[in-house]
Amino acid sequence: MLDSIDKNLHSLNIEDFRKDLISWYLLEKRDLPWRINQDPYKIWVSEIMLQQTRVDTVIPYFLAFTEKFPTLEALAEADEEDVLKAWEGLGYYSRVRNLHSAVKEVVSSYGGIVPDTPEEISKLKGVGPYTKGAILSIAYNVPEPAVDGNVMRVMSRILSIWEDIAKPKTRTIFENILYEVISKEQPSEFNQALMELGAIICTPTSPSCLMCPVREHCHAFHEGVQRELPVKSKKKKPKQVTMAAAVLKDAEGHYYIHKRNSSGLLANLWEFPNCETTIDIVSQKEQLVKFLSDEYETEAELEPLTGTIQHVFSHLVWNISVYAGQLKPGSSYKNLVKVTETEMQRYAFPVSHQKIYKMSLQTNEQ
DNA sequence: GAGTCGTGGGG
DNA sequence: TCCCCAAGACT
């Protein structure tokens, strides 16, 4: 550990810091649906959902998900199609495929009981260093650190740490510190308090230091550099991709949809047939028709461009031109699935393709 | 270690 | 408008 960090850590009154932090948390903590009890399964679900996702976004998904799959066994026995549907729109879909797989593993290897040791729980798919600490501390009161973005931001300010928190290696610095600082009596409250403080008071751009219960312990506050911390290098711009999608219907009103590959981007989700095209708008429709013929052996008549939708991912941007179209009578449709409008509601689509569907409906009305 | 993997909200 | 973010994990 760096000397300056070590120096500031040992100047911290750890007992008072814990007490001030936890006292504040017990008074000010938000009422969140995963704080009703300590059911390890529901804590687990909430922690997976909260990865890189805001609390306000997660709440309705958590309520619906735990109503549909109330127990670990219920989730383990569910069809993946239904599990993905419950995650539709939440993003990072590998999270729920890993959760589903891990829950089955808990049933087969641990008798349906979520393991309570760092070694065992870390073997489960989708449970990394943060989630391990979060579940163990919150559900089982085990004094393991749970270092997320909040914790790195708060502790970088408290101890004036100038390491780049975007680098994976930096997380271990905070873990080592927190093994010392975490409350051994109240690890659950301590970990949640640190995250709650980061979410409510010690926010990224304009921290509310005057309302902070631990500002007297904070090196950054005393030095007036709380706005300069944490140090976080920025990532590069996402790559632009030009695409075209076809909402194909037949004379009976069926839709023709495609299930995506089982790995990679938006794995196992459903979509309207689409392909990457050149940026040449004049020939784009012909490129799409050729793709539909080559890939799916369809004969289709596409209408003029309906419109475009944009979808921004973390690392790329889809610019999608939408074409409504008719599948010709008797046409084949290899690797596509023919569904009614009602049946289609049972499948999970990425948000971009929900937008594509809505756009196609607007044209039908005209 | 850097890239992959979603989405919607806020400054 | 644009950029960054939000309770990360996996390859």
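Each chain gets a letter, A, B and so on, in the order the sequences are listed, and its residues count up from 1.
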What residue pairs, at least two apart or across chains, pass salt bridge (Lys or Arg N to Asp or Glu O under 4.0 Å) with a residue in residues 254-264 of chain A?
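Matches after skipping sequence neighbours: A/E81-A/K259, A/R260-A/E271.
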Is A/R171 close enough to C/dA9 that one of its side-chain N or O atoms is under 4.0 Å from OP1 or OP2 there?
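No, because none of the side-chain N or O atoms of A/R171 sits under 4.0 Å from OP1 or OP2 of C/dA9.
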Side-chain N or O of A/K237 versus OP1/OP2 of C/dC3: is the shortest distance under 4.0 Å?
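It does, given that an N or O in the side chain of A/K237 lies less than 4.0 Å from OP1 or OP2 of C/dC3.
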Using nucleotides 5-7 of chain B, report all nitrogen or oxygen pairs with the protein that are shorter than 3.5 Å.
| from | atom 1 | to | atom 2 | distance (Å) |
| --- | --- | --- | --- | --- |
| B/dC5 | OP1 | A/L265 | N | 3.2 |
| B/dC5 | OP2 | A/H315 | NE2 | 3.0 |
| B/dG6 | OP1 | A/Y92 | N | 3.4 |
| B/dG6 | OP1 | A/Y93 | N | 2.8 |
| B/dG6 | OP2 | A/L266 | N | 2.5 |
| B/dG6 | O4' | A/Y92 | N | 3.0 |
| B/dG6 | N7 | A/Y92 | OH | 3.4 |
| B/dG6 | N7 | A/S314 | OG | 2.4 |
| B/dG6 | O6 | A/Y92 | OH | 3.0 |
| B/dG6 | N1 | A/Q52 | O | 3.1 |
| B/dG6 | N2 | A/Q52 | O | 3.2 |
| B/dG6 | N2 | A/T53 | OG1 | 3.0 |
| B/dT7 | OP1 | A/Y93 | OH | 2.7 |
| B/dT7 | OP1 | A/V351 | N | 3.1 |
| B/dT7 | OP2 | A/H311 | NE2 | 2.5 |

Rounded off to whole Å, could you give me the [atom1]-to-[atom2] distance for the [X] and [N] pair?
X      : N     : atom1 : atom2 : answer
A/K234 : B/dA2 : NZ    : P     : 17 Å
A/Q240 : C/dC2 : CD    : C1'   : 12 Å
A/Y61  : B/dG9 : OH    : C1'   : 14 Å
A/K232 : B/dA2 : NZ    : P     : 15 Å
A/M152 : C/dA6 : CE    : P     : 12 Å
A/D164 : B/dA2 : CG    : C1'   : 13 Å

Name every residue in residues 23-49 of chain A that has at least one heavy atom under 4.0 Å from any atom of DNA chain C, in order of residue number, or write none if there are no such residues.
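Heavy-atom contacts with DNA chain C come from A/R30, A/L32, A/W34, A/R35, A/E47.
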Near-strand residues of residues 196-214 of chain A, defined as heavy-atom separation under 4.0 angstrom from DNA chain C
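Nucleic-acid contacts, sorted: A/P204.
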Donor-acceptor list for residues 223-238 of chain A side chains, cut-off 3.5 Å, not counting sequence neighbours:
| from | atom 1 | to | atom 2 | distance (Å) |
| --- | --- | --- | --- | --- |
| A/E223 | OE1 | A/S160 | OG | 3.4 |
| A/S233 | OG | A/D164 | OD2 | 2.7 |

Specify the residues of residues 112-138 of chain A, ordered by number, for which at least one heavy atom lies under 4.0 angstrom from an atom of DNA chain B.
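Those residues whose heavy atoms fall under 4.0 Å from DNA chain B, taken from residues 112-138 of chain A, amount to none.
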Please enumerate all residues that pass side-chain hydrogen bond (donor to acceptor under 3.5 Å, both in side chains) together with A/K123, with sequence neighbours excluded.
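A/K123 satisfies side-chain hydrogen bond (donor to acceptor under 3.5 Å, both in side chains) with no other residue.
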Considering only the [atom1] atoms, how many Å lie between [N] and [M], rounded to the nearest integer?
N     : M      : atom1 : result
B/dC5 : C/dC2  : C1'   : 22 Å
B/dG6 : C/dT11 : P     : 14 Å
C/dG8 : B/dG1  : C1'   : 16 Å

Going by atom types only, do A/S283 and A/E286 share a side-chain donor-acceptor pair under 3.5 Å?
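No, because no side-chain N or O of A/S283 sits under 3.5 Å from a partner of the opposite role on A/E286.
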Do the side-chain N and O atoms of A/D280 and A/T278 include a donor-acceptor pair separated by under 3.5 angstrom?
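A/T278 and A/D280 do not have a side-chain donor-acceptor pair below 3.5 Å.
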Side chains of A/Y41 and A/L75, heavy atoms from C-beta outward: is any pair under 4.5 Å?
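A side-chain contact exists here, since the closest heavy-atom pair is under 4.5 Å.
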Determine whether A/L84 and A/N268 make a side-chain contact, defined as any pair of heavy atoms from C-beta on separated by less than 4.5 Å.
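With C-beta onward as the side chain, the pair touches.
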Give the other cluster members for [X], using side-chain heavy-atom distances under 4.5 Å between Ile, Leu, Val, Met, Phe, Trp and Tyr residues; answer none if it is isolated.
X      : answer
A/I43  : A/I138
A/V312 : A/V317
A/F221 : none
A/V289 : A/L248, A/Y256, A/L288, A/F291, A/L292, A/Y296, A/L302, A/L305, A/Y323, A/L327, A/Y333, A/L336

Among residues two or more places apart or on two chains, list those pairs meeting side-chain hydrogen bond (donor to acceptor under 3.5 Å, both in side chains) that have a residue in residues 196-217 of chain A.
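Non-adjacent pairs meeting side-chain hydrogen bond (donor to acceptor under 3.5 Å, both in side chains): A/D20-A/H217, A/R30-A/E196, A/R35-A/E196.
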Using heavy atoms to find the nearest nucleotide of DNA chain B for A/K236 and A/D56 separately, return the residue whose nucleotide is more 5′.
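Its nucleotide being nearer the 5' end, the pick is A/K236.
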Do A/T277 and A/Q284 pass the side-chain hydrogen bond (donor to acceptor under 3.5 Å, both in side chains) test, and can you show the C-alpha distance, the side-chain angles, and the key distance before you say yes or no?
CA-CA 7 Å; A/T277 71; A/Q284 190 178 37; 3.0 Å; yes
When the nearest nucleotide of DNA chain C is assigned to A/R54 and to A/V147 on a heavy-atom basis, which residue is associated with the more 5' position?
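Looking at DNA chain C, the more 5' nearest nucleotide goes with A/R54.
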Please work out if A/V55 contacts a base, only the sugar-phosphate, or nothing of the nucleic acid, heavy-atom cut-off 4.0 Å.
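Contact class for A/V55: base.
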What nucleic acid atoms does A/R97 come within less than 4.0 Å of, heavy atoms only: base, sugar-phosphate, or nothing?
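If one applies the 4.0 Å heavy-atom cut-off, A/R97 turns out to touch nothing in the nucleic acid.
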Rounded to the nearest 0.5 Å, how far does OH of A/Y130 lie from CG of A/N191?
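Reported to 0.5 Å precision, the distance equals 8.0 Å.
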